[in-house]
Amino acid sequence: MNILVINGPNLNMLGIREPGIYGNDNYESLVKKIEDHCKSREIDVECLQSNHEGDIVDMIQQAYFDKVDGIVINPGAYTHTSVAILDALKSTGIPAVEVHISDVSAREDFRQISYVSYYCFETIMGEGLDGYIHAIGLIEEKLGEEI
Ligand code: DQA
């Protein structure tokens, strides 16, 4: 099983940006946490981050050609604006879970719309960095059901 984890804009600033909301752990420790977990589960994982919408579209399209089994995506602020990222996910047909470190449902009105949620089979929010591990578990379950 191979999973692609995509983080969008400003998630490279974890540990620096608004620690009261996003915590003190940096992006590198997030990647290590995901890689250690996936190693223990014998899952191949790749973690990518970009601040650019088109790059994220390219990553999702590439996942199709690379035959990725599942996608975990935190599109950052593009969650609330990007039809292009939604359309890219829809193009691939790859099962995907949306993750937010913070509880976006309890935040500003402009964060209440999520375009990717029209595609993702589950949304996890407010679980901090553990939300990514939760999302990987949901993808494992989903892929298990499909076999
Ligand atoms: C976020 C929530 C978004 O509203 C915000 O723009 C982010 C991070 C989260 O992980 O909680 O950049 O996706």
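Just so it is clear, the structure is predicted and the values come from calculations on it, not from any experiment. Every number for a ligand or one of its atoms is a count from 1 in the order of the listing.
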What residue among I124, N74, V72, V116 forms side chain to side chain contact (heavy atoms under 4.5 Å, CB included) with E98? V116
Give me the residue, atom name and distance of the protein heavy atom closest to [atom].
atom: atom 11 (O) of ligand 1; result: S102 OG, 2.6 Å
atom: atom 2 (C) of ligand 1; result: V104 CG1, 3.6 Å
atom: atom 1 (C) of ligand 1; result: H100 ND1, 3.7 Å
atom: atom 5 (C) of ligand 1; result: R111 NH1, 3.3 Å

Would you check the N or O atoms of [X], main chain and side chain alike, for any that come under 3.5 Å of an N or O of ligand 1?
X: I101; value: yes
X: R107; value: no
X: T79; value: no
X: V99; value: no

How are the rings of H80 and H100 set to each other: parallel, tilted or perpendicular (split at 30° and 60°)? parallel
Candidates E141, E140, E35 - the one meeting salt bridge (charged side-chain N to carboxylate O under 4.0 Å, His left out) with R41: E140
Any cation-pi pair here, K142 with F121, using under 6.0 Å and within 45°? yes
Ligand 1-proximal atoms of H80, by part, heavy-atom distance under 4.0 Å: side chain
Using a 4.0 Å heavy-atom cut-off, say whether R17 meets ligand 1 through its side chain, its backbone, both or neither. side chain
Looking at T81, I124, N74, the heavy atom closest to atom 13 (O) of ligand 1 belongs to N74
Measure the shortest side-chain to side-chain distance between L11 and L14 over non-hydrogen atoms and say whether it is less than 4.5 angstrom. yes
Compare all side-chain heavy atoms of V68 with those of T92 and state whether any distance is below 4.5 angstrom. no
For Y22 and ligand 1, answer yes if some heavy atom of the residue is under 4.0 Å from a ligand atom, otherwise no. yes
salt_bridge(K32, D36) N-O dist < 4.0 Å: yes
Under a 3.5 Å threshold, yes or no: a donor from one side chain and an acceptor from the other, between N10 and Y22? no
